[in-house]
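Just so you know, these numbers use all the heavy atoms, side chains as well, and skip hydrogens, waters and symmetry mates. For reference, positions follow the sequence shown, starting with 1.
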Amino acid sequence: MAGADRGAGRPRTSVWLEGRPAPKRRSEQPEGLDRDKIVAATVRLLDAEGPGKFSMRRLAAELGVTAMSVYWYVDTKDDLLELALDAVAGEIELPGGDDGDWRSQLVSLAVQYRNLMVAHPWVSRLVGEYLNVGPNAMAFSTAAQRVMRSSGLSDEQLPGALSLVFQFAYGFGTIEGRFNARCREAGLSQDEFFWQVMGRVQDRPEFDESRNFMEARGGGSVEELRGRDWEFALECAIAGIEALRDRAAERASGSEGASGDRNAGGGGGGVTGGAGKRPVREGHRQSTTG
């Protein structure tokens, strides 16, 4: 194998940072096999069976080739999983240019990131194991940074705001995807599974508070309940970002006013109460229907 001793003496970084040249097909290699087809088959297997059952031998069988044929295009299983991770990141549609409202663009990216975790439940696990610095992942990251910068937050505040939105989307989508998988394994719909559980705890006093909480959420299917939770939570995040941005601007305005009064020789009074401050506007309520 080309990469049998690639990592000897140094830790593995990323397939995207190794600089391995694209392989040239040998005459003995299967006709029509290339890295894109191998990655696409990997995604299909991961979707169907998860990373726990994935192996190079299983992949080779899916492709109808030998395992050594696969290794001609990738050095290791880790490299292949990284390639698959970046391939599905390419499913996210990125906003074009700097036009458009940053709130709607942020909502779109967050909704798609959540949907990615649901459609490909294995992604949430691999995101934490690999650097995830492929071209599609970096294009998404760059787009998210540009959108968040348009909110008016300072560069110092951007990482925290991005974490708020996308770690939330990651966690929400991860739980949703795993719940869906659990329902499929049980041979039940999401609603059937949910009401089966609710029936089991109906007469258990230790669940009274949780049961009352669930009833207060209102009726509807599991999908509808989840959708309302998602929309309101994302509204809260955006409103918080706007409020903190405006509070920082308010403080800066107050500091400039105080400095101006001192420079103008305004005596010992300084800036009083709310002088020089502008009001914090109410948080924008943004629709988050995905």
Side-chain angles (χ1 to χ4, degrees), residues 14 16 43 46-47 51 81-181 223 225-248 283-290:
S14 168
W16 301 105
V43 171
L46 290 170
D47 285 346
L81 292 176
E82 266 198 281
L83 293 170
L85 185 61
D86 194 66
V88 297
E91 298 174 8
I92 297 177
E93 183 177 349
L94 305 178
D98 297 326
D99 297 332
D101 176 63
W102 68 268
R103 301 164 192 80
S104 60
Q105 291 180 342
L106 184 63
V107 166
S108 175
L109 290 175
V111 166
Q112 291 184 82
Y113 193 63
R114 166 198 169 190
N115 291 343
L116 189 70
M117 300 300 155
V118 177
H120 308 289
W122 50 272
V123 167
S124 62
R125 170 178 164 180
L126 298 191
V127 164
E129 295 185 10
Y130 299 108
L131 288 180
N132 200 23
V133 292
N136 290 323
M138 293 308 298
F140 170 76
S141 178
T142 299
Q145 291 172 31
R146 287 175 177 169
V147 168
M148 191 64 80
R149 184 171 285 110
S150 297
S151 71
L153 291 176
S154 68
D155 286 348
E156 182 182 7
Q157 295 170 319
L158 290 179
L162 287 166
S163 294
L164 168 66
V165 173
F166 291 103
Q167 292 293 348
F168 159 64
Y170 169 91
F172 199 102
T174 295
I175 293 173
E176 182 179 357
R178 293 183 181 178
F179 178 75
N180 292 350
E223 286 283 353
L225 291 171
R226 185 187 290 131
R228 289 201 296 269
D229 290 346
W230 164 266
E231 290 185 13
F232 182 69
L234 199 51
E235 283 186 12
C236 288
I238 292 175
I241 289 170
E242 291 183 312
L244 290 173
R245 176 204 61 195
D246 291 348
R247 188 170 72 184
H284 180 81
R285 291 184 60 83
Q286 169 67 36
S287 172
T288 60
T289 301

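- Between Met117 and Gly173 the shortest heavy-atom distance is CB-C, 3.6 Å.
- Atom CD of residue Gln105 and atom CH2 of residue Trp102 lie 10.5 Å apart, to the nearest 0.5 angstrom.
- Ionic pairing of Arg228 and Glu231 is not present here: no N-O contact between side-chain nitrogen and carboxylate oxygen is shorter than 4.0 angstrom.
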Would Leu116 and Glu91 count as a side-chain contact (heavy atoms from CB on, under 4.5 Å) if you check the C-alpha gap in whole Å, the side-chain angles of each, and the deciding distance to 0.1 Å?
CA-CA 8 Å; Leu116 189 70; Glu91 298 174 8; 3.9 Å; yes

Begin from the C-alpha positions of Tyr113 and Phe168 and carry the test side-chain contact (heavy atoms from CB on, under 4.5 Å) through to its verdict.
CA-CA 10 Å; Tyr113 193 63; Phe168 159 64; over 6 Å; no

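- Between Ile241 atom CD1 and Leu162 atom CG the span is 8.0 Å, to the nearest 0.5 Å.
- Minimum interatomic distance between Ala110 and Trp230 (heavy atoms only, all atoms of both residues): O-CH2, 3.7 Å.
- In this view, Ser163 satisfies the side-chain hydrogen bond (donor to acceptor under 3.5 Å, both in side chains) rule with no residue, not counting sequence neighbours.
- Taking each heavy atom of Arg245 and Arg103 in turn, the nearest pair found is NH1-NH2, 4.4 Å.
- In this structure, CG in Leu109 is found 12.0 Å from CZ in Arg146, a value given to the nearest 0.5 Å.
- Between Leu94 and Ala143, the closest heavy-atom pair is CD2-CB, 4.1 Å.
- When every heavy atom of Asp86 is checked against every heavy atom of Pro135, the shortest pair comes out as OD2-CD, 3.3 Å.
- Here the SG-CG distance, from Cys236 to Leu164, works out to 10.0 Å after rounding to the nearest 0.5 Å.
- Side chains of Leu81 and Glu129 form no contact here, defined as non-hydrogen atoms less than 4.5 Å apart.
- Residues passing the side-chain hydrogen bond (donor to acceptor under 3.5 Å, both in side chains) test with Trp16, sequence neighbours excluded: none.
- Val123 is not listed as a side-chain neighbour of Thr174, based on a closest heavy-atom distance of 4.5 Å or more.
- At a threshold of 4.5 Å between non-hydrogen side-chain atoms, the residues Leu126 and Glu82 do not count as touching.
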Worked verdict on Met148 versus Leu153 for side-chain contact (heavy atoms from CB on, under 4.5 Å)
CA-CA 7 Å; Met148 191 64 80; Leu153 291 176; 4.2 Å; yes

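- Between Met138 and Val133, the closest heavy-atom pair is CG-O, 3.5 Å.
- At least one side-chain heavy atom of Trp122 sits under 4.5 Å from a side-chain heavy atom of Val43.
- Counting heavy atoms from C-beta on, the side chains of Tyr130 and Ser14 never come closer than 4.5 Å.
- By the side-chain hydrogen bond (donor to acceptor under 3.5 Å, both in side chains) test, Ser151 is found to be paired with no residue, residues two or more places apart in sequence or in another chain being considered.
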